[in-house]
Amino acid sequence: MTSIGFIGLGHMGGPMAANLVKAGHTVRGFDLSPPLLDEARDKGVTPCSSLAETVEGVDTVITMLPAGKHVLSVWQELVATVPSATLLIDCSTIDIDSARKAHAMASEKGCPSLDAPVSGGTGGAAAGTLTFMIGGDQSVFTKATPIFEAMGKRIIHCGDATAGQAAKICNNMILGISMIAVGEAFVLGEKLGLSHQALYDVASVSSGQCWSLTTYCPVPGPVPASPANNDYKPGFAGALMLKDLKLSQEAAETAGATTPLGAKAAELYQLFNELGNADKDFSGIINMLREKSGAA
Ligand code: NAD
């Protein structure tokens, strides 16, 4: 079993660290928020009061932080602190450029590194059913696989350094676009006098079938577990969808890719957030579309 330092014990990192403990790993944890350290202690994580204390004697460090700037600042301190050969894994969703810089810092120190963003949300983090999208050397990936298996169900090696972040950004661009498409279809169906159930019954077995419809249906009823049945409580918040769509557009601009629907989705989620929905589930965008259509 591995001795792991876990930095960032928030909505995702907290339950992920707890699952590492459940799988028999020794975990030392750190977060800037003291109440999260208390919660982590209750789950068997050793709470630490600094980054240096967290990484004492560990052979692997995992970061789960809000954005690229946090990861770069923490990794800068990490490479100045850990012995070379310590495995560094970042599970945050961050921009490609920051991910590249983080890998470069690790490599300069002689530390193997992986970018390993996740999908599956807080539910997947708690249940240990996350999907990991991983970028980095095959040999490092192979060695680290048991660590990911303690926190997730699907562990996918996407390619070299930054390929995990690339996969995450592309996947979530599909998700943002498809949720808007499904929302538009339900709003149009309402205008045409079509019931939600009838549209669901047809589209879920026809060419309109997609995850946004059949797992995360944005109207209440057809998929009882979707956030639409729970007043659009996240789930996956509008603020996080906007963050990921912005990352996709930043990457598209740098790479010279044309993504007009991704750009439009980012624009619509920007408006959704500005209208006070940042804390609502992202599927609630259907309500904004309905209001724009002038329906009750
Ligand atoms: P969160 O804000 O709940 O957790 C981040 C934690 O990092 C916070 O507790 C914060 O105190 C801590 N932190 C920030 N700077 C730190 C530092 N220098 N040292 C130690 N701790 C520090 O966010 P989250 O929802 O857990 O998301 C984490 C990452 O996972 C983000 O990149 C997010 O985009 C990604 N993600 C989130 C979800 C989701 O559903 N929440 C799903 C997939 C991916």
Side-chain angles (χ1 to χ4, degrees), residues 5-19 27-40 43 45 47-55 61-81 88-96 98-99 102 115-134 148 151-154 164-165 167-173 175-176 179 211 216 227 232-248 250-251 269 273 278-283:
F6 204 113
I7 297 169
L9 300 167
H11 292 101
M12 298 294 287
M16 289 164 72
N19 281 326
V27 184
R28 300 165 71 77
F30 178 55
D31 195 287
L32 298 177
S33 160
L36 294 178
L37 289 177
D38 292 337
E39 275 177 38
K43 305 266 167 55
V45 174
C48 297
S49 55
S50 68
L51 181 144
E53 189 189 338
T54 313
V55 302
V61 181
I62 299 176
T63 48
M64 190 51 163
L65 298 164
K69 64 178 180 192
H70 307 93
V71 172
L72 287 181
S73 123
V74 166
W75 277 46
Q76 201 148 33
E77 205 180 331
L78 274 179
V79 295
T81 313
L88 304 184
I89 300 172
D90 179 45
C91 292
S92 329
T93 303
I94 64 171
D95 59 287
I96 302 279
S98 296
D115 53 292
V118 302
S119 73
T122 49
T129 55
L130 292 170
T131 295
F132 283 87
M133 298 150 246
I134 299 166
F148 296 120
M151 302 182 284
K153 274 262 177 301
R154 276 158 299 190
Q165 294 296 350
K168 170 77 186 176
I169 287 168
C170 291
N171 177 72
N172 279 20
M173 190 174 77
L175 178 62
M179 184 54 81
W211 189 93
Y216 224 74
Y232 298 92
K233 188 167 170 276
F236 188 57
L240 288 174
M241 176 47 82
L242 179 60
K243 171 192 167 184
D244 291 357
L245 284 168
K246 281 182 172 168
L247 290 179
S248 79
E250 225 175 278
Y269 273 102
N273 277 260
D279 293 336
K280 288 270 179 193
D281 188 78
F282 82 108
S283 62

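Whatever order the structure lists ligands and atoms in, that order sets their numbers, starting from 1.
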Report yes or no: does [X] contribute a side-chain atom to a donor-acceptor pair with the main-chain N or O of [Y] at less than 3.5 Å?
{"X": "Asn19", "Y": "Ala125", "answer": "yes"}
{"X": "Gln165", "Y": "Ser92", "answer": "yes"}
{"X": "Lys243", "Y": "Thr93", "answer": "yes"}

Pairs under 3.5 Å, N/O atoms on ligand 1 and on the protein: can you put them in a table with the distances?
residue: ligand 1; atom: 3 (O); partner: His11; partner atom: N; Å: 2.9
residue: ligand 1; atom: 3 (O); partner: His11; partner atom: ND1; Å: 2.7
residue: ligand 1; atom: 9 (O); partner: Asp31; partner atom: OD1; Å: 3.2
residue: ligand 1; atom: 9 (O); partner: Asp31; partner atom: OD2; Å: 2.7
residue: ligand 1; atom: 11 (O); partner: Asp31; partner atom: OD1; Å: 2.6
residue: ligand 1; atom: 26 (O); partner: His11; partner atom: N; Å: 3.3
residue: ligand 1; atom: 26 (O); partner: Met12; partner atom: N; Å: 2.8
residue: ligand 1; atom: 32 (O); partner: Leu65; partner atom: O; Å: 2.8
residue: ligand 1; atom: 32 (O); partner: Pro66; partner atom: O; Å: 3.1
residue: ligand 1; atom: 32 (O); partner: Thr93; partner atom: N; Å: 3.0
residue: ligand 1; atom: 32 (O); partner: Lys243; partner atom: NZ; Å: 2.9
residue: ligand 1; atom: 34 (O); partner: Lys243; partner atom: NZ; Å: 2.8

| field | Centroid separation Tyr232 to Phe282 less than 6.0 Å | value |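 So the answer is no for these two rings.
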
| message | I'd like to check Leu175 versus Met241 (side-chain heavy atoms, cut-off strictly below 4.5 Å). Are they in contact? | response |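 Yes, their side chains come closer than 4.5 Å.
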
| Residues Ser33 and Asp31: side-chain donor-acceptor under 3.5 angstrom |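 Ser33 vs Asp31: no donor-acceptor pair found between side chains.
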
